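Notes follow once the structure below has been shown.
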Amino acid sequence: MTAEPLLPTQRPSFYDRWRERVAAEPRLQRLYGWLAPLLITVVAGILRLWNLGHPHALVFDETYYVKDAWSQWNLGYASTWPEGADARFVAGETDIFTTDPSFVVHPPLGKYLIGVGMWLFGPDSSFGWRIMTALFGTALVLLLYLVAKALTNSTVFAAVASGMLAIDGLGIVMSRVSLLDVFLAFFILLAFWFVILDRRRHLDRLAAATVARMRGDDPPAWGAVLWNRPWVIAAGAAAGAASAVKWSGVWVLAAIGLYLVVTDALERRRLGVVFWPMDAVRQGLVSFILLVPVAFVVYLGSWTGWLLSDGGYDRHAADANPATGVFSWVPLALQSLWRYHVTIYNSMTGMTSPHSYQSPAWQWPLLWRPTSMYAQATPDGQGGCVGQNGCLQILYSMPNPLLWYASVAAAGYLVYRFVVSRDWRHAVVLVGIAATWLPWLAYPERTVFQFYTIVIWPFLLLALTFALREIAGPVHASVDRRTAGQRVVLVFLGVAVVLSLFWYPLWSATQVPYDFYRLHNWMQGWV
C-alpha cells in the first residue's frame with residue numbers, strides 16, 4: 001500500500017523543514033550561528049551610521065553633552081562656555097571653552113565616551129561627536145542577540161529580538177544623537193547578560209556541592225558558600241559603568257543584587273537545605289562583596305579626571321570645612337566629591353522645569369509624547385524642496401508603533417506566564433523591565449522624556465520575542481498549529497518592517513514633503 005499524500009495543512013512548514021535540516025547538520029548550525037548576528041549587526045550599523053553627521057547642528061541635549069564632553073576631555077572636568085557658544089562651536093570654534101567649572105548632574109563616563117569620537121575625528125565634526133553613540137547603539141543590537149540566544153537557546157528567535165531592535169526608530173535615533181542614554185542601555189543589558197551567564201554555572205556548582213554534603217538521604221543543614229563567581233564581578237563592573245553614565249544605573253545594581261539573593265535562596269530550598277533562608281543570607285553577603293565594591297571602583301574611576309584636576313566644580317568644597325570625627329581620615333578630594341554628589345542629588349530631585357516634550361513615566365507605555373530632537377522647515381522650491389506646503393527635516397525618537405504596543409502587551413502577558421510557570425527566563429526579563437521603569441514612577445513631578453525608555457526597550461523586545469515564540473507554537477504542537485502560528489509571526493514581522501520603512505525618513509532627518517510628514521500624526525501628541 002502507498003501512503004496517502006499529506007494535505008497542504010499537514011505538511012511541515014518551511015521553518016520546520018529548515019529547522020530539521022539545520023539540526024541534522026552541525027556545520028549549518030555553526031554557519032547560521034554566526035551569520036545571523038553578523039548580518040543583523042551590519043544592517044543595524046548601516047541604519048545608524050548612514051549620513052550620521054546630518055544635521056550638522058547641536059540637536060536637543062547635545063548642546064550640553066557635546067560641549068561638556070570636549071571641555072572635560074581637555075581639562076578633566078566640564079567647564080563653562082561663552083555666550084552664543086552653540087553657533088560658534090558648530091562653525092568650528094571648538095576651543096572657546098573657559099577654565100571655569102560647570103555644574104553638571106551626570107557622572108563623567110558617558111561624556112568621556114563621546115570625547116573619544118571627537119578626539120578621533122575632530123571636535124568640529126558632527127560625525128565625530130556622534131560616532132561613539134552610533135557604535136554603542138549598533139553593539140546594543142548584537143548584545144541583545146546574545147542575551148536572547150542565552151534565554152531562548154534559539155538562533156531564530158535571537159535573530160527576531162535583535163532584528164526588531166535593528167530596524168526600530170527609538171534604537172536608531174538614540175544611536176544618531178550624542179546623548180548618554182544609549183551608553184546606559186548598553187551597560188545595563190551587559191550587566192544582565194553577565195548575570196545570565198553566572199546563573200547556569202552557579203546553580204550547577206551549588207547542586208554538586210549540596211549533594212556532596214549529604215549524608216545518605218538526609219539533606220544538609222547548610223549549603224556551600226561559593227566565592228568563585230567571576231560573572232557576578234563582571235556584572236558589578238557593568239552596572240558600575242552604567243551608574244557612571246547616569247545614576248539610574250544604581251537601580252539596576254540593586255535589582256541585580258536582589259535577583260541573585262532570591263534565585264540562590266529558591267535553589268537552596270529546592271535542593272533541600274534545611275536552613276535555606278539563613279544559608280541564602282550567607283551567600284548573599286558574598287554576592288554583595290563580589291558585586292558592589294567593583295561597581296563602586298568603576299564608578300569612582302570615572303571621576304579620575306575631576307579628582308586629579310584643580311578646577312572642577314566643588315573640587316575644593318571640603319578644604320575650608322573638612323569632615324570631623326569618624327570621617328576625618330577621608331581625603332579632602334573625596335570629601336569634596338561627596339559634597340558635590342549631595343548638590344547633584346538635591347538638584348535632580350527638584351528638576352521640574354516644564355518642557356513641551358516632557359512625558360512622565362506613567363505615560364511611557366501609552367507612547368503619548370515621543371521626543372522631537374530636531375526640526376527644520378524648508379519652503380517649496382528652496383534647498384531642493386519639492387512640496388506644495390514646503391518640506392521638513394525632523395529627527396524624531398519614535399519607536400516602531402507596532403513593536404512598541406505589542407511589546408507592552410507582551411510584558412503584561414509575561415507577568416501572567418511567570419505567575420503560572422515560574423520560568424526563570426521570564427523573571428530575568430521582568431526584573432530588567434522593573435529596574436528600568438518602576439523607580440521613575442516615584443518622581444512624577446520631575447521633567448523626564450519618552451526617549452528614556454531606550455534602556456527599557458531591549459527587555460520589552462525580549463518579552464515580545466517570548467510572546468512571538470508562543471504564537472509560533474511549541475515543538476510538540478501539531479503541524480497545523482505551528483504552520484498557522486508561524487504565518488502570524490511572519491505577517492507581524494512583515495508589517496513591522498513596512499512601518500519602519502514608512503517612519504525611517506523621520507528617524508534620520510531626511511527632507512520630506514510636509515504632507516508626508518503629516519501622514520505620521522496618528523495621535524495628538526505625535527510629532
Side-chain angles (χ1 to χ4, degrees), residues 147 150-151 184-185 187-203 205-206 223-271 273 275-299 361 411-412 414-419 421-443 452 455-456 458-460 462-463 466:
V147 172
L151 290 175
L184 178 65
F187 288 123
I188 286 176
L189 189 60
L190 183 65
F192 273 89
W193 185 44
F194 291 149
V195 169
I196 294 169
L197 295 178
D198 167 77
R199 175 189 168 85
R200 185 184 305 129
R201 184 174 184 268
H202 172 65
L203 296 188
R205 293 174 63 240
L206 178 60
V225 175
L226 303 178
W227 287 85
N228 185 16
R229 301 178 69 180
W231 291 120
V232 172
I233 298 174
S243 304
V245 174
K246 279 189 170 183
W247 276 7
S248 50
V250 175
W251 300 333
V252 172
L253 179 67
I256 287 174
L258 183 61
Y259 173 83
L260 292 174
V261 172
V262 172
T263 299
D264 184 80
L266 294 176
E267 182 64 12
R268 289 171 190 269
R269 184 181 68 173
R270 188 188 70 81
L271 292 171
V273 176
F275 300 111
W276 64 268
M278 290 304 300
D279 207 32
V281 170
R282 294 197 307 156
Q283 182 65 58
L285 294 175
V286 172
S287 298
F288 178 90
I289 295 172
L290 296 175
L291 184 74
V292 175
V294 67
F296 176 77
V297 169
V298 171
Y299 177 81
L414 209 65
V415 173
Y416 161 75
R417 289 298 304 163
F418 175 71
V419 171
S421 63
R422 299 293 197 274
D423 192 323
W424 71 269
R425 300 169 302 170
H426 300 164
V428 170
V429 176
L430 293 174
V431 168
I433 295 173
T436 51
W437 177 52
L438 293 182
W440 287 107
L441 296 175
Y443 302 94
Y452 286 13
V455 300
I456 317 174
F459 300 102
L460 288 175
L462 287 170
F466 277 111

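In this text, all values refer to a predicted model and were calculated from it rather than measured experimentally.
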**OP:** Go through the steps to decide whether W247 and Y299 satisfy the test side chain to side chain donor-acceptor pair (under 3.5 Å), and finish with yes or no.
**Re:** CA-CA 10 Å; W247 276 7; Y299 177 81; 2.9 Å; yes
Subject >> From CA spacing to verdict: side-chain contact (heavy atoms from CB on, under 4.5 Å), E267, Q283 >> reply: CA-CA 12 Å; E267 182 64 12; Q283 182 65 58; over 6 Å; no
Original post:
Between W424 and I196, is a side-chain contact (heavy atoms from CB on, under 4.5 Å) present by the stated rule, with each step listed?
Top reply: CA-CA 10 Å; W424 71 269; I196 294 169; 4.2 Å; yes
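Of the inter-residue distances, the one linking R425 atom CZ with L151 atom CG reads 7.5 Å to the nearest 0.5 angstrom. Distance check: L285 CG to L290 CG gives 11.0 Å after rounding to the nearest 0.5 Å. Rounded to the nearest 0.5 Å, atoms CG (N228) and CZ (R201) are 4.5 Å apart. Rounding to the nearest 0.5 angstrom, the gap separating the CD1 atom in I289 from the CH2 atom in W227 is 4.0 Å.
L206 and A224 get closest at one heavy-atom pair: CD1-O, 4.1 Å. Annotation for G240 and V298: closest pair C-CG1, 3.8 Å, computed over non-hydrogen atoms. In terms of heavy-atom proximity, A411 sits nearest to I433 at CB-CD1, 4.0 Å. Residues V286 and L226 come closest through the heavy atom pair CG1-O, 3.6 Å. Here the closest heavy-atom approach between residue R200 and residue A150 is recorded as NH2-O, 4.2 Å. Heavy-atom minimum distance, F418 versus A427: CE1-CB, 3.6 Å.
The shortest distance between side-chain heavy atoms of V250 and S248 does not fall below 4.5 Å. For the pair D198 and L260, the minimum side-chain heavy-atom distance is below 4.5 Å. Residues L414 and L430 are in side-chain contact: their nearest non-hydrogen atoms beyond the backbone lie under 4.5 Å apart.
Between F194 and W231, the angle of the ring planes stays under 30°, which puts this pair in the parallel group of the 30/60° scheme. Between F192 and F459, the ring planes lie perpendicular to each other; the angle is over 60°, past the 30° to 60° tilted range.
Under a cut-off of 6.0 angstrom, the local environment of CZ in R205 is crowded, with over 12 non-hydrogen atoms contributed by other residues, nucleotides or ligands.
Both the sub-6.0 Å distance and the 45° axial angle are not jointly satisfied by R268 relative to the ring of W276.
For the side-chain hydrogen bond (donor to acceptor under 3.5 Å, both in side chains) criterion with D264, the lone passing option out of R199, H202, R282, R269 is H202.
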